[in-house]
Amino acid sequence: MPDVIHLLPDSIANQIAAGEVIQRPASAVKELLENSIDAGSTSITLVVKDAGKTLIQVIDNGCGMSETDARMAFERHATSKISSVDDLFSIRTKGFRGEALASIAAVAQVELKTRLHDEPLGTCIYLEGSEVRSQEPCQTPAGTIISVKNLFYNVPARRNFLRSDAAELRHIIEEFQRVALAHPNIFFSMYNNEVEIFHLKPGNLRQRITTVFGSASNEKLVPVNEQAGVVKIYGFVGKPAFARKTRGEQYFFVNNRYVRNNYLNHAVFINYADLLPPNSYPFFVLFIDIDPSSIDINVHPAKLEVKFEDEKLVYGFVRAAVRHALAKFSVTPELDFDQEQSLNQIQAQQQQAMTNRPSSERASPGFLEKRDTANWEKLYEIGLKTQTEFTLPSDLSVEGEDPASEESSIRPIQIHCRYILSQIKSGFIVIDQQAAHERILYEKYLRALNSHAPGTQRQLFPRTVHFSPDDASLLRQILSDVNTIGFDIQEFGQDSFIIHGLPADIQIDGEEQQALLEQILEDYKNNLTVLRLSPRESLARSLSQRAAVKAGKALTVREMQTLIDQLFACEQPYLSPGRKNTFITFDFEELDKLFSPRQPAGKLTS
């Protein structure tokens with residue numbers, strides 16, 4: 001039998017290794033930026049074209065390389081960071097494996113220009129698929145300029161798996177932000193298709209955070225600074241008002257290296273357990289300084305994981321530090337979210353509303369009479385809210401008198417301002433008013449997206465809103481669809497937009513407009529990554545959930561009937577966009593069983 005085991009050619013071996021290190025353009029961006037930092041740069045510029053598919057260029061003023069080092073840098077396992085096994089336990093640099101440049105050169109066309117600060121000329125090297133095509137002296141600024149062109153040009157299967165330019169750009173921005181947050185003392189800038197996205201001047205960590213995430217974030221930051229022995233933790237956590245519905249703005253750095261660690265994330269999250277609504281995640285940028293000999297960072301090809309010698313000790317330290325910071329800066333008193341009014345407050349509002357009503361209306365079924373109602377108040381402990389407390393959604397509002405006082409044996413009834421009870425021939429149905437309205441609006445918005453016939457309410461005073469570069473990039477991507485469902489939003493300078501109009505169903509102003517758009521963007525990210533919805537389905541789902549009538553809102557009989565009619569005119573009336581039942585049916589047979597006589601437990605004796 002002939003021998004069948006043989007060594008792979010270097011070109012194939014390099015492409016296999018590159019698949020672990022360079023998964024998408026953002027992976028190359030991360031490795032190149034980290035190399036610039038390790039070179040001692042104080043100014044770093046990132047330039048990308050077509051979300052990195054056509055060009056990724058990093059320009060720095062670091063130490064530069066000699067002619068020999070410039071060529072050696074592209075050899076696999078060539079590095080200046082370590083020289084012995086012992087060095088693996090004292091790593092402070094970003095890179096150490098010597099794989100990044102070799103992996104990039106294996107799947108792209110790479111040009112490197114570099115010059116030492118004390119040399120008059122630099123070196124220019126050009127590679128394709130790991131092969132050096134040319135090397136010659138050149139005029140170039142001190143430092144390094146590396147250009148990665150046509151990533152995955154020789155691996156078409158990998159290139160075909162890349163997502164849209166907007167999606168890949170978001171990944172690049174994420175990597176850029178992580179590196180920029182870890183090094184606030186370095187100047188960073190970023191350009192995409194010749195448009196500057198970031199211009200980050202050197203400063204302290206708070207300044208860097210507010211520049212990256214917007215000036216409004218400054219008021220929402222709570223500083224953390226604790227030290228115990230050789231372990232130190234510092235940075236900022238966000239007040240609950242800064243929480244988001246999706247993950248992504250949680251940053252842990254260990255010895256200035258960004259890492260993913262769900263165990264440490266939990267140490268932060270547990271401090272917000274009673275302070276945030278379900279499925280909300282707090283913002284934080286936290287740094288852990290620790291003896292390198294007590295951690296192992298050589299556990300993941302992308303160096304995104306770290307193992308601690310005593311993970312439980314670090315967990316407890318992080319948890320205590322965050323809890324102390326929240327308590328020290330008196331965050332707790334302002335942490336109530338959508339807190340319901342107490343029964344006494346509701347009763348006081350009801351009494352005031354009754355006092356202001358004509359006597360003929362006070363006896364109507366929509367109001368409680370002020371007699372012996374103690375038992376009724378216990379039964380309806382949620383309370384009844386008066387119609388004057390709400391602005392009705394336009395699609396449920398009907399001109400004319402409310403027929404609540406008309407005699408009718410089949411009119412719908414609202415229960416606890418949350419459910420609607422209505423008769424059917426075989427029994428009755430109970431409708432969840434919020435879930436039902438979400439379904440109605442969801443199909444309405446989908447029709448608008450398909451027919452391009454939105455209902456827009458123009459703003460008397462247009463409002464300018466500002467977003468982080470990441471969110472601004474996402475909004476640009478979906479802006480045409482956002483406007484199709486009823487918004488009228490136009491770009492206005494870098495990361496700024498003007499709201500000229502809102503969907504006719506939405507009645508909000510001031511800061512709530514920006515909050516609504518931020519929530520739509522958060523939902524959009526979550527819907528695309530978790531639920532795998534199409535962009536239009538995601539927008540329709542998000543806006544329907546925001547605009548729908550909420551539980552606790554009083555409706556007139558006519559509004560309830562309109563909601564019922566519109567629900568059963570839907571193509572899919574049974575489930576809300578969030579897959580929640582919109583109604584439940586009870587038939588006479590089921591009711592008769594519930595009311596049937598029970599078999600006695602034992603024989604009765606006289």
Side-chain angles (χ1 to χ4, degrees), residues 10-11 13-23 25 27-47 52 55-84 87-88 91-154 175 179 257 297-298 301-303:
D10 288 343
S11 59
N14 287 342
Q15 286 191 15
I16 293 173
E20 296 181 341
V21 180
I22 308 301
Q23 300 172 352
S27 305
V29 167
K30 171 182 180 293
E31 299 293 346
L32 297 179
L33 290 177
E34 290 182 346
N35 280 347
S36 293
I37 291 169
D38 286 341
S41 305
T42 60
S43 176
I44 301 174
T45 297
L46 170 65
V47 178
L55 173 68
I56 300 171
Q57 185 180 66
V58 174
I59 305 167
D60 69 53
N61 63 349
C63 61
M65 289 180 280
S66 67
E67 180 180 352
T68 302
D69 285 346
R71 184 159 186 151
M72 183 65 69
F74 291 96
E75 297 293 330
R76 189 161 298 281
H77 308 305
T79 180
S80 62
K81 315 297 171 58
I82 62 174
S83 58
S84 67
D87 292 339
L88 286 173
I91 293 174
R92 289 281 185 181
T93 56
K94 302 290 185 182
F96 58 90
R97 292 200 186 106
E99 292 181 325
L101 289 181
S103 296
I104 293 172
V107 293
Q109 300 163 335
V110 180
E111 181 184 75
L112 172 72
K113 293 182 178 180
T114 185
R115 178 171 74 85
L116 297 171
H117 284 254
D118 56 355
E119 294 289 336
L121 289 176
T123 300
C124 178
I125 299 180
Y126 181 75
L127 303 92
E128 284 188 5
S130 296
E131 295 185 10
V132 177
R133 300 292 186 178
S134 65
Q135 179 174 350
E136 58 188 9
C138 69
Q139 287 281 356
T140 186
T144 299
I145 302 174
I146 184 166
S147 303
V148 178
K149 303 175 182 178
N150 302 319
L151 189 65
F152 302 128
Y153 81 99
N154 54 351
E175 293 292 353
V179 175
R257 180 192 301 279
I297 60 175
N298 191 28
K303 302 175 290 241

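If you're wondering where the values come from, they're calculated on a predicted model, not measured in any experiment.
A distance-only check finds no donor-acceptor pair linking the side chain of S41 to the backbone of I44 [under 3.5 Å]. No side-chain donor-acceptor contact under 3.5 Å links T114 to the backbone of T144. A donor-acceptor contact shorter than 3.5 Å is absent between the side chain of R115 and the backbone of L121. With hydrogens and angles disregarded, a donor-acceptor distance shorter than 3.5 Å links the side chain of N61 to the backbone of T42. Between the side chain of Y153 and the backbone N or O of G129 there is at least one donor-acceptor pair closer than 3.5 Å. The backbone N or O of I22 lies less than 3.5 Å from no partner atom in the side chain of S103, so there is not a single donor-acceptor pair.
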Check: Going through the checks in order, is the side chain to side chain contact (heavy atoms under 4.5 Å, CB included) test met by C124 and Q135?
Finding: CA-CA 6 Å; C124 178; Q135 179 174 350; over 6 Å; no

Next item on the list: Give the intermediate values and the outcome of side chain to side chain contact (heavy atoms under 4.5 Å, CB included) for residues F74 and I104.
Entry: CA-CA 9 Å; F74 291 96; I104 293 172; over 6 Å; no

Check: Does the side chain to side chain contact (heavy atoms under 4.5 Å, CB included) test come out yes or no for S147 and K149, once each step is laid out?
Finding: CA-CA 6 Å; S147 303; K149 303 175 182 178; 4.3 Å; yes

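Between the CG atom of D38 and the CG atom of D60 there is a distance of 10.5 Å, given to the nearest 0.5 Å. Annotation: the span from I125 atom CD1 to S134 atom OG amounts to 8.5 Å, rounded to 0.5 Å. Summarising the geometry, atom CG belonging to L46 is positioned 5.5 Å from atom CG belonging to L33; distances are rounded to the nearest 0.5 Å. Here the CE-OG1 distance, from M72 to T68, works out to 7.5 Å after rounding to the nearest 0.5 Å. Here M65 contributes atom CE and K113 contributes atom NZ; the two are 14.0 Å apart, rounded to the nearest 0.5 Å. To the nearest 0.5 Å, atom OG of residue S66 and atom CD of residue E119 are 8.5 Å apart.
When every heavy atom of A102 is checked against every heavy atom of S130, the shortest pair comes out as O-OG, 4.3 Å. Smallest separation of non-hydrogen atoms from P120 and Q139: O-OE1, 4.1 Å. Of all the heavy atoms in A105 and L127, the pair that sits closest is CB-CD2, 4.4 Å. Taking each heavy atom of G143 and H117 in turn, the nearest pair found is N-NE2, 4.4 Å. The shortest non-hydrogen separation linking I145 to P141 is CD1-CD, 4.3 Å. A106 approaches N154 most closely through the heavy-atom pair O-ND2, 3.0 Å.
Just one of L32, L55, V58 meets the side-chain contact (heavy atoms from CB on, under 4.5 Å) condition when paired with V148; it is L32.
Side-chain contact, E67 with T123: no donor N or O sits under 3.5 Å from an acceptor N or O.
Residues Q57 and I146 form no side-chain contact, since every pair of their non-hydrogen atoms from C-beta on lies 4.5 Å or further apart.
The residues K30 and E34 are annotated as salt-bridged, a charged nitrogen and a carboxylate oxygen being separated by less than 4.0 angstrom.
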